[in-house]
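Here the structure is laid out as structure tokens; the discussion comes afterwards.
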Amino acid sequence: MPETPRLRPWGHATIDTACPLDCPDSCSLHVSVEEGKIKKIDGSHRSQTTGGYICAKVRNFDRRVYGEDRLLYPGLRTGPKGKGVFARVGWDEALDAVAGAFAEVRDRWGGEAILPFSYGGSNGLLSQDTQDAELWRKLGTSRLARTVCAAPTGAAFQALYGKMPGVTYADYAHAKLIVIWGANPSASHIHLVPVIREAQRHGAALVVIDPRYTQLARLADLYLAIRPGTDLPVALAVHRFLFENGQADMAFLAGHARGVSELRARAADWPTDRAAAEAGIDAEKLDRFARMYAERSPAVIRCGWGLERSRSGGSAAMAVLALPAVGGKFGVRGGGYTMSNSMAWGLRAAMWIQTPEPATRLVNMNHLGRALTEYDRPPVRALFVYNCNPAVTMPDQSRVLRGLARDDLFTVVFDQVLTDTARYADVLLPATTFLEHYDIAKAYGPVSLQLVQPAIDAVGEARSNPDVFSALAARLGFADDAEGDAETLIRVTSAMPENIRTDLLDHGVATPPHDGAPVQFVDVFPRTPDGKIDLHSEALAASAPVGLYVYQPDPATDRYPLALISPASSRTISSTLGELREHTAKLEMHPEDASARGLSEGDSVRVFNDLGEVQCELKVTPIVRTGTVSLPKGLWRKSTFNGLTANALAPDTLADLGGGACFNDARVEVASLGRH
Ligand code: SF4
């Protein structure tokens, strides 16, 4: 076995590594260490995109590593579920307890009574879909559909283009029109912002489409403050404009696309006036956007993940991603779309998972509450949570919490800190952070693949994901020995193409295809079965309950007229780092809506619907459009007065494609709670 690499001698004051958190940018990092402790975390220049600077979240990540919530030792629950009281035990005792309980559940109820539950809390390639997948497959557990984010856009993107890589950040400098649709780069992929500013200085026009007046919206030439969930009619109106005004690139479509007539027929239903009325914006503004898009090239659309979080979210993503095809925007540098570039390397976990996937029950993670409280064939009797904090991140939060509180549910939580979910654990296992283990960081904004290497020894008795899952597999009789993260790194990279493996292990960074800046329809092409853009995939249409490009009306009612959104903030990455938030969260509400309810800045309010109630403070601000209120994504329970977050008001209905969550379909009313 080749020796495990270290890019710098161990003990050197500065370690080169990378950020594998769930953020598109995947920054390259310099971590300064003194006497075995982190002194400073900063951006390096190894990744051109990083350019030597990073976000404040990771610059201050040592607050998580050494914070008071950090889990240092395994524990067994001693108090009531949810209270977070544990007795310290050794790893052997903790792992024996987990293996024993899992074997018992499997023998009595069947493997499907065990539900592994994970998402992107650590997005590194070694932290998920390595030994964990081998273990769950061998145990025959229920399978998890990881749908809480990117499922509708992923389904749309796959069907349309086979996930053809998109325009990378640096190429925005070549664009004459930049459209930011349902994304807030200032909060969640900061390295795109300076390139946009540079492009603006060179004459690019900027259009921002978002219910919230983001930092980039303030700098935009045109801002469309659309009502949440109305992206589909807006995009279809632009398609209609292109087709009706001779601005659709019919020659390109004839050579490179299928399903044109179906898309055109759906778009015909949405004249500008009708779409603008549905979206709650001026028809003149929508018309202006359509003209700008028709006339300016190169034009790039950054399609974000905000627009997928509603009932028509999958079709909305399809319609937005189809615009460059209909508008003839491909084939030039700076023209096309940016979605996710994670598949640019062609790496799939199937390359290194050896155990075949059994056809066991598939549980949509957005239905965790139902799974824990209703499923009975078999009931979920054991839950293993890692890389994720479902007590605060899943829809219908109250039902999730009821499920987690079940006394007959055996719950294991393997995490870095005492999350809200960890408080419900029967067995608590401490996990290493990315500063304490090997991993591989794959960006999904830029095209980059970097080695993550430990800067410090594991804090307390924390262990890496590969180490713990292989140790459990050994206890359950599926493996001879535990395999640590270093050995897993060697094994996983061995399954990669030789050039990628060598680059990663010898230099810490792989050389990207097309210099990391492919031009669509010059360097890269659709990866669909026949190489064409499929604007109306029959397979996808068959899976969509209402068909493709079909708008479903706003779920608002007279009782609950306000749309509640929960966008990403600059403080957390989903819920990661939520433990560090010190102040109570504020609900943002437009002054007109506040005035209509007799509410004022700083009031304590109740935000409610039939699913529940969140109690918090009010911020009156025109940053949100009328008819919409906003609470930050990723809040922990301590961040509101009553321990519930925006997800307590989000239904667990599913989007039209991919089984995605409909967080932005929460409709609520707001009333005064009386001062605290
Ligand atoms: S969270 Fe994003 S911006 Fe921050 S360091 Fe990680 S990759 Fe960079």
Side-chain angles (χ1 to χ4, degrees), residues 14-32 38-65 119-127 149-150 168-170 172 180 183-197 214-216 302 304-305 338 340-342 344 387-389 416-417 432-437 439-455 508-510 512 516 567-581 632-634:
T14 304
I15 309 295
D16 278 316
T17 186
C19 173
L21 299 176
D22 190 358
C23 165
D25 292 11
S26 212
C27 291
S28 57
L29 304 177
H30 269 158
V31 181
S32 304
I38 295 162
K39 276 289 155 207
K40 189 177 177 198
I41 306 170
D42 214 339
S44 75
H45 290 271
R46 190 170 69 170
S47 153
Q48 210 181 340
T49 305
T50 306
Y53 73 95
I54 57 170
C55 65
K57 293 175 273 203
V58 169
R59 247 196 344 265
N60 297 314
F61 201 82
D62 57 326
R63 292 176 64 204
R64 163 165 276 216
V65 174
Y119 197 67
S122 174
N123 230 22
L125 294 187
L126 306 187
S127 297
C149 183
T168 49
Y169 295 0
Y172 278 58
I180 305 295
N184 183 7
S186 309
S188 57
H189 39 302
I190 59 173
H191 294 88
L192 184 54
V193 176
V195 195
I196 292 172
R197 301 293 289 137
T214 60
Q215 278 169 275
L216 275 179
R302 197 306 171 244
W305 289 269
T338 304
S340 166
N341 277 325
S342 68
N387 298 348
C388 145
N389 184 8
Q416 298 159 4
V417 293
T432 44
T433 69
F434 72 90
L435 296 165
E436 299 153 55
H437 59 226
D439 212 328
I440 298 170
K442 185 170 60 154
Y444 56 98
V447 180
S448 104
L449 192 69
Q450 298 177 79
L451 181 67
V452 177
Q453 59 175 351
V509 57
S569 80
S570 56
R571 296 196 186 176
T572 61
I573 303 154
S574 187
S575 70
T576 300
L577 301 175
E579 77 274 18
L580 302 176
R581 194 179 181 106
K633 180 181 180 185

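When a ligand or atom number is given, it counts from 1 through the structure's own listing order.
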When you measure from [atom] to every protein heavy atom, which one gives the shortest distance, and what is it?
{"atom": "atom 6 (Fe) of ligand 1", "result": "C19 SG, 2.4 Å"}
{"atom": "atom 2 (Fe) of ligand 1", "result": "C23 SG, 2.3 Å"}
{"atom": "atom 4 (Fe) of ligand 1", "result": "C55 SG, 2.3 Å"}
{"atom": "atom 8 (Fe) of ligand 1", "result": "C27 SG, 2.3 Å"}

* **Proximal ligand 1 atoms for V58, defined as those under 4.0 Å from one of its heavy atoms** => 1 (S), 4 (Fe), 5 (S), 6 (Fe)
* Check ligand 1 against I573 and write out every atom of the ligand that is under 4.0 Å from a heavy-atom position of the residue. => 1 (S)
Beyond-backbone contact of [X] with [Y], side-chain heavy atoms, under 4.5 angstrom:
{"X": "L29", "Y": "F434", "answer": "yes"}
{"X": "C27", "Y": "H191", "answer": "yes"}
{"X": "D42", "Y": "I54", "answer": "yes"}

* Asked: Between Y119 and S574, do the side chains contain an N or O donor and an N or O acceptor separated by less than 3.5 Å?
  -> no
* Look up atom CG in L577 and atom CZ in R571, then write down how far apart they are to the nearest 0.5 Å. => 12.0 Å
* Output the distance between atom OH (Y169) and atom NE2 (H189), rounded to the nearest 0.5 Å. => 5.0 Å
* Asked: Counting only heavy atoms, which portion of P24 has something under 4.0 Å from ligand 1: side chain, backbone, both, or neither?
  -> neither
